[in-house]
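Computed from a prediction, not measured in an experiment: that's the story for all the values here. Note on naming: letters A, B, ... go to the chains in the order of the sequence lines (proteins, then strands), and numbering restarts at 1 for each one.
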Amino acid sequence: MPLVLIVVLPFLGSILAAILPHNARNQESWLAGIIALVCAGLVLYTAPAVFSGEVLVQNISWLPSMGVNMTFRMDGFAWLFALLVTVMGALVVLYARYYMDPADPVPRFFSFFLAFMGSMLGVVLSGNVIQLVIFWELTSLSSFMLIAYWHHRQDARRGARMALTVTAAGGFCLLAGMLMIGHIVGSYELGEILASGNLIRNHPWYIPILVLVSLGALTKSAQFPFHFWLPNAMAAPTPVSAYLHSATMVKAGVFILARFWPVLASTDQWFWIIGGAGMSSLLIGAFAATFQQDMKGVLAYSTISHLGLITLLLGMNSDLALIAAIFHMINHAIFKASLFMATGIVDHETGTRDMGILSGLRKLMPITATLAIVAAAAMAGVPLLNGFLSKEMFFSETLFVNQTSYSSYLLPTLAVVASSFSVAYSLRFITQVFFGKPATDLPRKPHDPPRWMLFPSAVLVLLCILIGIFPEQIIGSILQLAATAILGNHIPTYSLAIWHGFNLPLIMSILALVGGIALLYVFKPLFQSYPGQTPVLYHFDGRKTFDAVMNGIDSISYVLLEWFSSKRLQPQVLWIIVITLVVGMLPLLGGDWLQVKQPSSFDPVFAILWIVGGACAIGAAYLAKYNRFRALALSGGAGLITCVTFAWLSAPDLALTQLVVETVTVVLILLGLRWLPRRVIEESQITPLQAFIRRFRDLAIAICGGLGLSALVYIMLTRDKPEGLSSFFLEKALPEGGGNNVVNVILVDFRGFDTYGEISVLGIVAITVYALLRRFRPPQESIHALENRHEIQTIDANGLTDKHSLPKGILLTPNVLGRLMLPVITLISLYFLLRGHNLPGGGFVGGLIFATGIILQYMLSGIHWVETRSRVRPLYWISIGMLIAGSSSMIAWWVDQPFLSAISWDIYLPVIGKLHLSSVIFFDIGVYALVVGATTLMLVALAHQSLRFYRKAPSAEAETNAGTSTQLNFSDRVN
Amino acid sequence: MMGLLDHLPILPVAVPMMAGALMLLLKDSRRKSLTGLAFLSVFIQFSVAVTLLFMTAGSIPNDWNNHIGVYLLGNWVAPFGIVFVVDKLSAVMLVLTIVLGISALIYSTAFWDRVGIHFHPLFQFILMGLNGAFLTGDLFNLFVFFEIFLAASYGLLLHGSGSRRVSSGLHYITVNLIGAFLLLISISLIYGVTGTLNMADLGTKAGMLDAENRKLFETACAILGIAFLVKAAAWPLNFWLPNAYAAACAPVAALFAIMTKVGIYALVRMGSLLLPTGAPAAFGGEWMYAIGLGTLLFGTLGILAEKNTGRLVGYSIIMSSGTLLTALGMPGVTLTGPSLFYLISSVLTTGAFFMLVELIKRTESFGSNVLSVSFEAFGLDEDKTSDYSGDVVGVAIPAAQAFLGLSFFTCAILIACMPPFSGFVAKFALLSSALELTDNNLTGPSMSAWLLVIAMLASGLATVIALGRSGVRLFWNSDTLQTPKLSIREAVPVSVLLLSCIALSIFAGPVMDFLADTASSLDDPYQYINAVITQASNKPIPGGQ
Amino acid sequence: MNLILTWACYFALCCFSLATLCAFIRLLKGATPQDRVLGLDTMYINCMLLILVLGMLYRTSWYFDIALLISLLGFVSSSALSKFLLRGEVIEP
Amino acid sequence: MKKLFFWFPMTAFLLLIWMLLANAISIGQFTLGSILSLALVFASQRLRPLHGHPKKTLTILKLIFMVIVDIAYSNWVVGILILKGKKAHRTPGFINIPLDLRDPHGLAMLSCIITYTPGTVWSGLTEDDYILRLHVLNLKEESEWLYTIKNRYEANLMEIFE
Amino acid sequence: MEIIYSLAIGVLAGSGIWLLLRPRTFQVIMGLTLVSYAVNLFIFGMGRLSVGSPPIIEAGTVVDVSNYADPVPQALVLTAIVIGFATTALYLVVLLALRGLSNTDHVDGTEYNS
Amino acid sequence: MNDISAWIAIPAAIFLVAGGLITLIGSIGLLRFEDFKSRIHAPTLGNTFGAMFTLLASILVSFHLADRVFFHEILIIVFLFLTSPVTAMLLMRSYILRLERIDK
């Protein structure tokens, strides 16, 4: 049980912390501290079991089918790290309590802090590699939030983004690596993976896996060449740095390298990749740290350097080096956290971290100075401190482990050089800040901080000394435990002692100490002349490179996006058509499909008709740009010929529908045409050649498209018909569908649901049109054009009001006739509706006819006249139509039939005789009503626009009153 | 005899339609009745969808064949009449739609439903169309439902009008009309070749075609595939999407998150049914894979390059489409389950993200003055009275900013497929299954699996970079940042969606199992085909009179 | 006798289709927009007659309905077009 | 009388159409037709504020016969003109005819007759003094046209409608 | 007959596609109209052509399927016509709105001056 | 199809031929006349006797088909008669206005 708790508790605490009030600094600290301590206690609670060599495992099933479960696994190595994380966490919390300003929004800080702690513990305790990746990424995310805690500062934002980008990239690599490992091993369980080292090392995927895992680890541990994010992450509050960059975040990288050491290590590739990266980081970090001006900068680069040391040790492929690495992990965490804390105190007390300004603080804050000096000495590897021990082990490893010819000299030399730099920067850190004459121009007057703020640092420094003096007693068993967890039971012998005799490593240590002091003197002039600038390396500024890369990605992707997409419609349409043509053609390339199976007849009359139709289409295409009216008339002609074709080819229903739709469409587009000002022939903005090429291209595509469709139709027409649905429909229509007209029976019965959907589309479009037109704003020209047009007319309906029942002049007789036609048209629409089931017709045609009749009234008498007299409420028609259609379909439920089943009753009426009533008729009536409503709504709403803008035209003042009232009436009604 | 449970499959279509029709009778001023009706309708739909889901999973006892429900509309037997088929895939999509729908509806009541008229009916109709498209087992009926939800989506996209909406709406409509033509051409061609429109019947008949008819059939399927790919926003057929989605008002855009997935659903469905007879190139296989990869890369490019947050989400939709197409284009069935998981996760996420982006926009520049955007078409005097009267924009809850930040963070993690939420689960499952297909030489499926892995990881990284940048820009950059006015009605749906993502990640195991079942039944389309065809012989054909 | 009728029908069909062609040429050539509308109107009438003849040719009565509808509504689109020419808009306030 | 039976002519007309369309004489169809016609007449009442009251059926028949004869004649004349083409000496032109007919339905019928007859097109009616402007394809004798319109058509129409 | 029919569809579709590729909104709407004619005829053609045999069953006759035109494509075309009509209307209104809002009839809502 | 009797076939054929010719002549007139004012007269031929003859033929044929008297074709003539003036008048009027505008 405790294993899960160790991970879960911090997350729960995180949520709790987030909801605490804004200024609850103490409560937050207590919460976080208690949680850290409880976790530490839980870790210690497992100690007996772990020390007895047991591996504690707790399994929670999560995604078993994918082999991913929440497995918490505690072995010695994990135990060590868990302890480190929790104890360090508790100390940092205590420190942060005093560090954070009362005005700081601490809930956010502690919330993310706890989340980070939980994630880190999750990484450490993961027994499943995918789970490990999850927590790994969580550390990236929560550290992102922590680094950006002071997000109003640009460096914080940038540092956070950089850290996130680099570590997330690494995380993705790690994921890939883990997936591959899991694939090879056949399980994502850590235990099984650790047992399959040989399998993985001999697999062809070994190198990619190695590279990917290394990428993950190196980015996280800020190793060369990914080290640049760490100095930038120093914008975080110092407790964050103290925690993340000493014991946890950056340690996750080396943790994972050590964790997978049994699986991936002991190959040459491992040595070159890991060792190489470690060596480079060691040198570069140490070198750069020497020249930093910012105290945290020094620590950041020294962290890089020390982690490079650990990485190098891990890369050496020797068991002893591994033990040294683990030892140094512990040591580094202890002294580096302490140093960060000291830096934070200095910053907190003086208001600056600039080593150029700071000086002589030893007098002002003696305790802090003492602590910092001891910790720095540990970092430099001064004897009797813990840093010395691990460095000693490192030196001996460089000497004895790798006996190839060139590395036997090179490696020790580089180690000494790096250590000299380490000494140099530690020395400089101390001397510049704490020695010399006291600084005068500090932002604040420094003094030692409260006791409890010094406490964490003091504890750590004490540990440094204790380990340095009594290594075996303090840390020996733990180190043994951790090493056993990785290496198994055959650990090489090593001794944790201060004095191994006067041997080569000791000489190297002395050399390093002396060399460090010498280096400081050599470089001293540089500190003054170029403060904060690292020689040579400043050319390779990581931040600038990163920014450049980011900007590069930005602009390249922008250019590529422009290249691969378009905000314009025509290229899009072109793509669709061309792709369809190509893809549609591909299957046919094999040939064998163009087999004409029936001779085709030729009918001259039909040919003449289609000469007309085709010419209409081409004419419309040609004229649509400047002669909209002509194009419209021509397309009307094409529609007419289509209608005749349907009639000719035995589709009376289609012919009827096509005809009415054609009529309504023409009226509709004409209504719209009124708002489209005449196109003037403008000067072309593109060159004639471009225009020609574009037109030619489009023409070619159009011809191809047309021919393709022709070919397809021709092939299909000359084929035999497959045994299809039609015979069923033809046979059942009359006996079971109860109608002679099979098409209508299909529409309202067999496939009534299509109709159901189709009328919905019509209704939806109608209300959309109506809604859109309420916000319609016409082009200015078209309002003026209207005035001009009205000037020409001399007589006519301008003054038509309620009192005049008829307009005078030319519209008189059309009006009389039109009104005469209204009942006739309505009657005929009902005729088509009622007999649709048996003969061509049906609700749709009927509805359109009726709508046309209404539109005719509008056309001939004007909106005002019609609407003061009739109460057409198109929206109600639509709604009621839908409701009728819907409920007539649902009637079937009452007799336990599925939706849309036809239910019929025979009623005997005295005079009329038998009346056959069917739900199908009601369905058709619903269709009728909806079509009437939708069509009228669209056309009338469009027509109303001119009413709305009529009163805006100054010439038509007479209309103002009438117009307004009508408008209101109408909107009332249609609403 | 039919029990209530037997009628369930029709309800997701019938209920919104009747509700929408009723709403047209009510004036827009009767808001309480309208919203009440809307919520009643979505509630019924939700219950029905969940019940159907459990029925297909077998948790609710039923006499369905293979737990596949078949509803014969008009009581006409299968290949002749239209059938509604509820299998696991449909049920999942239904639930997804309605969850998204409920969230969008809650969100819209904050005030979006008053930006223009007839919001609620259109909303019901779009649900009707989506539900129908997922349920229908008839190819032409599928087209009809496509048209229904497209028509409603036109209306909703233009809801509130304004120059940006209208101009992007024009593109959207044009492209979709061309798509409709392609659908019509291909469906009729399929009818001409095989003589059937029923998808299950098609699955059997496609195998019986002779060679030359088969070629025509493949042409038809290719065109059909293009039409679906247009809906699914595959590159290069998707230039219209970012602008259109960014222009739509937030709840609508959120609902649009599922519309591209309808195209993918259709591809999967057709691909599955045509599988035994050798699915034509367009459905699955290398073509889909290649297009998907292109789309994925295009989406990634867009995410990297785009500065406008609204369009950014649009590109993330494209990216998710690309991922899905790529994954579904891989051979075998192993990737289908994870793909579906990814689909669910990405729909919920992008839906939440669209709503969120709108809220975040308010913190920029003019603060809560969102209306300046939505009412830019307010040149006309008579509209002023009608719609918005500042009653419920809501109070600024103190934690508004924190809520927005946290939600954005969650969304970003989900979209970038970073742990620990469902996005990561989906990505992991996809990658893991993709690796199953690899062997040691880099050709064939192995090659494509590697490409998928690389592309997905790269796109994830690109998303991290891009969303990190915009998150930093949106939340941490501006001095003029204002605490937004955030209505609880806007916060709730965002949280609902994000919480369902989290729930999805917690219950990833059972969900993944269910989806794996779904995938395996898709791999064995005879379950579906048999369910539809045997239904014909089980039920007595009534007289119909 | 059938043959006579059939041939007569064909003859009429040819006449009507040629008439449609003439009307179309007027629609295309125009000169004035009024001519075009007139051409379209004439096309409607001719097509109506053509459909009637088809009804006779194939001896079915349902062609009549289409013809009836053309005679009833054919004028709507052409009168809308001419109203547009006359007044500048089809439906006036 | 007029007011009471305003519905009658229209209803009869509609019923006639219905019976013609129904193509069968049965009581059922008759009832249905009557109901529909009556309903329609009443429903469209507000949109048809004017009602025509044709009387004198005989005159109507006479007029129809006269019109058919005139149409036949005009067909002949116009046909010849077309066939002759440019050789024909056409003298198209407008003539103005003052009308006495005031009833709108009568006027409408007159316009139908005139326009339906080949060779003449109604091209305007002045607002106040009812002067008909007529375009004639072959305007030889103005008085002849005047006579035809006034006496043959207008007189009969006035008889029917006024 | 078949060859004319298919050429007719080709011409309609070709003109329509040409118009769809044009930059002016009115051209596009005319293109949509023409293409929808072509598509309707195409769907209809999938039931093969037959003359003088509408799918209207006389009561009392024995149904010989080969004597009737295929009713299914006709039903499909009807649906397609309706939907085509609806979308044409919508498109028209949208293009009008665009013209009003952007002052240009270019499909992109802006004139390109380059 | 049973044979049609000569009493019906021959008149119907004659009507058809006549109707066709008249309509054709009318449409040719539409082409041949030189200005709109004359052209508007030409297609009336098709409207009137063209249609009447065709309809007579149609009446005869449908009489043969069902052995009943069918007069519903008369409706087409009625509708044509009632509707033809609307378009013609509007067209004529707009043409006159157009001329006036050009004169101005």
Give, for atom CG of F/L24 and atom CG of C/N46, the distance between the pair rounded to the nearest 0.5 Å. 9.0 Å
Taking every heavy-atom pair that is under 4.5 Å apart, which of C/A8, C/S71, C/S79 has the most such pairs with chain F? C/S71
Nearest 0.5 Å, what's the CD1-OG1 distance between C/I70 and F/T83? 12.0 Å
Quick one: ring-ring contact (aromatic ring centres under 6.0 Å, His included) pairs with a partner in residues 83-103 of chain F, sequence neighbours left out? F/F36-F/Y95
Derivation and outcome, side-chain contact (heavy atoms from CB on, under 4.5 Å), residues F/F79 and C/L68: CA-CA 8 Å; F/F79 291 154; C/L68 183 79; 3.6 Å; yes
Check each atom of C/M48 against the heavy atoms of chain F and say whether the ones under 4.5 Å are side chain, backbone, both or neither. side chain
Tell me, out of C/L81, C/L85, C/D35, C/L72, who's got the most heavy-atom pairs with chain F below 4.5 Å. C/D35
Can you tell me how far apart CZ (F/R93) and OG (C/S82) are? Round to the nearest 0.5 Å. 13.5 Å
Could you state the interatomic distance from OG (F/S94) to NZ (C/K83), rounded to the nearest 0.5 Å? 12.0 Å
Enter the distance from C/F64:CZ to F/L75:CG here, rounded to the nearest 0.5 Å. 5.5 Å
Does some side-chain heavy atom of C/I45 sit less than 4.5 Å from a side-chain heavy atom of F/T23? no
At under 4.5 Å between heavy atoms, what parts of residues 45-52 of chain F are in contact with chain C? List them by residue number. F/G46, F/N47, F/G50, F/A51
Can I get a per-line list of side-chain donor-acceptor pairs under 3.5 Å for residues 20-27 of chain C, giving both atom names and the distance, sequence neighbours left out?
unit_1	atom_1	unit_2	atom_2	d
C/T20	OG1	C/F16	O	2.6
C/R26	NE	F/L30	O	2.9
C/R26	NH2	F/L30	O	3.2
C/R26	NH2	F/L31	O	2.9

Looking only at C/V76, C/L50, C/L52, C/L49, most heavy-atom pairs under 4.5 Å shared with chain F are made by C/L49
At a 4.5 Å cut-off on heavy atoms, which part of C/F11 comes close to chain F: side chain, backbone, both, or neither? side chain
From CA spacing to verdict: side-chain contact (heavy atoms from CB on, under 4.5 Å), F/T54, C/V53: CA-CA 7 Å; F/T54 316; C/V53 177; 3.8 Å; yes
So which heavy atom on F/A9 is nearest to which on C/L5, and how close? O-CD1, 4.0 Å
Are F/S27 and C/L18 packed together at the side-chain level, in the sense that at least one heavy-atom pair is separated by less than 4.5 angstrom? no
Select one option (side chain, backbone, both, neither) describing which atoms of C/C14 are under 4.5 Å from chain F's heavy atoms. neither
Sorted by chain and number, sequence neighbours left out, side-chain hydrogen bond (donor to acceptor under 3.5 Å, both in side chains) with C/S78 holds for C/D41
Counting heavy-atom pairs under 4.5 Å with chain C, the top scorer among F/V78, F/L21, F/I76, F/V61 is F/I76
With only heavy atoms counted, which part of F/F33 is less than 4.5 Å from chain C, the side chain, the backbone, both or neither? backbone
Under 4.5 Å from a heavy atom of chain C, the part of F/A57 involved: both
Checked F/L60, F/V17, F/L91, F/L80 vs chain C; the most non-hydrogen pairs under 4.5 Å come from F/L91
Rounded to the nearest 0.5 Å, what separates atom OG1 in C/T32 from atom NZ in F/K37? 11.5 Å
